[in-house]
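In what follows, chains are A, B, ... by sequence order, proteins preceding strands, each numbered from 1. Worth knowing before you read on, the calculation uses all heavy atoms, side chains too, and leaves out hydrogens, waters and symmetry mates.
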Protein chains: 2
Amino acid sequence: MVDAGTGRPMRADARRSYDRILKAADAAIARDGATTSLEEIARNAGVGSATLHRHFPSRRALLNAVFHDRIEGICAQAHRLIDAPDAGVALIDWLGELCRYSAKTRGLAPALLQWAGDDRPLVQDSSCHSMLHDAGDRLLRRAREAGQVRPEVSIDDLLTLVNAISLVTEANSAAIVVDDEADRLFAIAVEGIRPATN
Amino acid sequence: MVDAGTGRPMRADARRSYDRILKAADAAIARDGATTSLEEIARNAGVGSATLHRHFPSRRALLNAVFHDRIEGICAQAHRLIDAPDAGVALIDWLGELCRYSAKTRGLAPALLQWAGDDRPLVQDSSCHSMLHDAGDRLLRRAREAGQVRPEVSIDDLLTLVNAISLVTEANSAAIVVDDEADRLFAIAVEGIRPATN
DNA sequence: ACCTGAACACCGTTCAAGT
DNA sequence: ACCTGAACACCGTTCAAGT
């Protein structure tokens with residue numbers, strides 16, 4: 001493990017703090033969502049609040065770290081689908097998986113928003129959002145070349161749409177809501193509301 | 001103006017407080033969104049914070065009051081469209097208007113979420129959400145009877161989808177985002193991403 | 001009946017002081 | 001180099017005391 005700022009290896013105690021914060025954050029976010037108390041995370045990690053802030057200068061940085069591995073797994077799935085027989089189906093399947101997963105994982109949808117906070121200009125970063133963007137773009141390009149997708153639809157459009165559905169599903173999740181709400185909305189969003197033409 | 005709790009007319013000073021809070025809330029929400037500080041609203045209204053809490057027991061109650069008139073206007077528009085020549089187009093037009101308006105009005109999308117907070121079971125209430133539900137349902141039924149909409153699509157599906165798009169657009173609005181993002185997403189969501197079949 | 005100001009228990013962020 | 005605890009300026013909510 002390497003310090004993000006200096007690029008040098010982390011001291012043992014720093015590494016230990018980092019790991020404990022990440023573990024506590026994971027549990028807290030799963031329970032209370034993306035706006036959970038950072039102070040409580042530090043408390044549960046047995047760490048001073050200032051330590052949390054040095055390791056993760058913003059809430060967004062913490063969210064990105066928490067979800068990094070899982071998002072990497074989803075991107076790997078996109079890589080596997082790049083050889084699927086039907087390029088259009090592969091794209092839809094992957095987006096649907098992302099949507100379902102994101103809708104049921106508290107905190108993930110908010111983490112994927114393209115905030116213009118105090119973060120760097122998102123050029124060539126390794127945030128969850130840009131990882132998904134790159135992985136999805138390959139599937140989209142192939143589907144577009146196969147004539148399966150309207151040429152004016154961008155990967156940003158599709159990811160934002162999926163994110164929108166996940167966001168509203170998570171926000172509504174305390175209400176009386178069918179648990180496949182994300183599935184229903186995704187199907188409508190992708191297929192249109194007109195009667196099927198077959 | 002009538003007190004929501006007792007149903008009796010409000011005393012003059014209560015009415016004055018109510019109006020000043022609403023005016024201050026409107027400005028604050030337009031500037032900072034639905035999570036703006038209630039305390040600051042009370043300060044700007046020249047009112048004690050406890051006064052705000054009695055008039056509006058929850059943040060949601062305040063949001064509903066702030067947007068009530070505007071939502072009523074949009075519902076009136078739905079009523080006018082009920083006689084439009086093409087029932088399917090009327091539905092899409094109305095949803096598109098709602099989407100555009102909601103996306104550009106800070107705080108409105110969050111106010112329309114179907115939270116299950118400490119609020120009553122939403123039976124026959126006059127919240128913004130239920131007003132839109134009733135108005136939209138008429139347009140949808142007519143479009144469905146005309147065979148313009150798949151029978152399994154509900155008004156909740158459509159309103160939630162529109163709300164999802166508005167929500168993500170508002171959340172992204174500080175980022176580098178084309179200002180017609182809501183339009184693009186709405187078009188995709190409603191028309192599907194497959195090539196046009198004409 | 002309505003409003004006020006203070007009290008309470010929380011936040012996130014920062015900074016001097018410790019090891 | 002890294003961590004800690006305290007300090008600071010904020011929240012939302014509640015309640016006794018005022019008019």
Side-chain angles (χ1 to χ4, degrees), chain A residues 1-25 28-29 31-66 107 110-111 115 117-119, chain B residues 1-25 28-29 31-66 107 110-111 115 117-119:
Chain A
M1 180 59 80
V2 157
D3 185 293
T6 65
R8 310 251 313 280
M10 290 171 79
R11 230 170 63 175
D13 54 349
R15 173 67 204 266
R16 223 176 78 92
S17 291
Y18 183 95
D19 289 342
R20 298 182 62 155
I21 293 168
L22 218 50
K23 191 177 170 189
I29 292 168
R31 196 178 57 247
D32 302 322
T35 60
T36 187
S37 157
L38 298 180
E39 207 167 63
E40 197 196 345
I41 290 173
R43 265 198 309 269
N44 288 342
V47 145
S49 62
T51 301
L52 186 149
H53 277 86
R54 181 143 30 79
H55 282 292
F56 306 99
S58 67
R59 184 181 290 271
R60 184 172 176 74
L62 179 58
L63 290 170
N64 267 313
V66 164
W115 305 333
D118 34 15
D119 294 270
Chain B
M1 178 59 79
V2 156
D3 184 293
T6 65
R8 311 250 312 281
M10 291 172 79
R11 228 170 63 175
D13 53 349
R15 173 66 203 267
R16 223 176 78 92
S17 291
Y18 184 94
D19 288 341
R20 298 183 62 155
I21 292 169
L22 219 51
K23 190 176 171 191
I29 292 168
R31 196 178 58 247
D32 302 322
T35 61
T36 187
S37 158
L38 298 180
E39 207 165 65
E40 197 196 344
I41 290 174
R43 265 198 308 270
N44 288 343
V47 145
S49 61
T51 301
L52 186 149
H53 277 88
R54 180 143 31 79
H55 281 293
F56 306 99
S58 67
R59 183 181 290 272
R60 184 173 175 75
L62 179 58
L63 290 170
N64 266 313
V66 164
W115 304 333
D118 34 15
D119 294 271

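Residue A/H55 places none of its side-chain N or O atoms closer than 4.0 Å to OP1 or OP2 of D/dC2. Residue A/R54 places none of its side-chain N or O atoms closer than 4.0 Å to OP1 or OP2 of D/dC2. Residue B/S17 has a polar side-chain atom (N or O) positioned under 4.0 Å from OP1 or OP2 of C/dC3. Phosphate proximity of D/dT13 to B/S49: absent, as no side-chain N or O sits under 4.0 Å from OP1 or OP2. For D/dT4, the OP1/OP2 oxygens have a side-chain nitrogen or oxygen of A/T51 closer than 4.0 Å.
In this structure, the nucleotide among D/dT14, C/dT14, C/dC3 sitting nearest to the side chain of B/D13 is C/dC3. Listed nucleotides D/dC11, C/dG12, D/dG12 differ in distance to B/L38; the shortest reach to its side chain belongs to D/dG12. Checking D/dT14, C/dC11, D/dC11 against every side-chain atom of B/E39, the shortest atom distance belongs to D/dC11. When distances run from any side-chain atom of A/V47 to the nucleotides D/dC3, D/dT4, C/dG12, the shortest one goes to D/dT4.
Rounded to an integer number of Å, the gap from CZ of A/R43 to C1' of C/dT13 is 15 Å. When the C1' atom of C/dA1 is taken as reference, atom CZ of B/R15 falls 17 Å away, rounded to whole Å. Spacing between atom CZ of B/R11 and atom C1' of D/dT19 amounts to 9 Å, rounded to whole angstrom units. Rounded to an integer number of Å, the gap from B/R59 CZ to D/dT13 C1' is 12 Å. Across the protein-nucleic acid pair, A/H53 atom NE2 and C/dC11 atom P stand 12 Å apart, rounded to whole Å.
In this entry C/dG18 has D/dC2 as its Watson-Crick or G-U wobble partner, both defining distances falling under 3.5 Å.
Within the 4.0 angstrom heavy-atom criterion, only backbone atoms of the sugar-phosphate kind lie near B/A14; the bases stay farther away.
A 4.5 Å side-chain heavy-atom check between B/L63 and B/F56 finds every atom pair outside the cut-off.
Using a 4.0 Å cut-off between charged side-chain N and carboxylate O, B/R15 and B/D19 make a salt bridge.
Both B/T36 and A/G48 lie close to DNA chain D; mapped to their nearest nucleotides by heavy-atom distance, the more 5′-ward contact belongs to A/G48.
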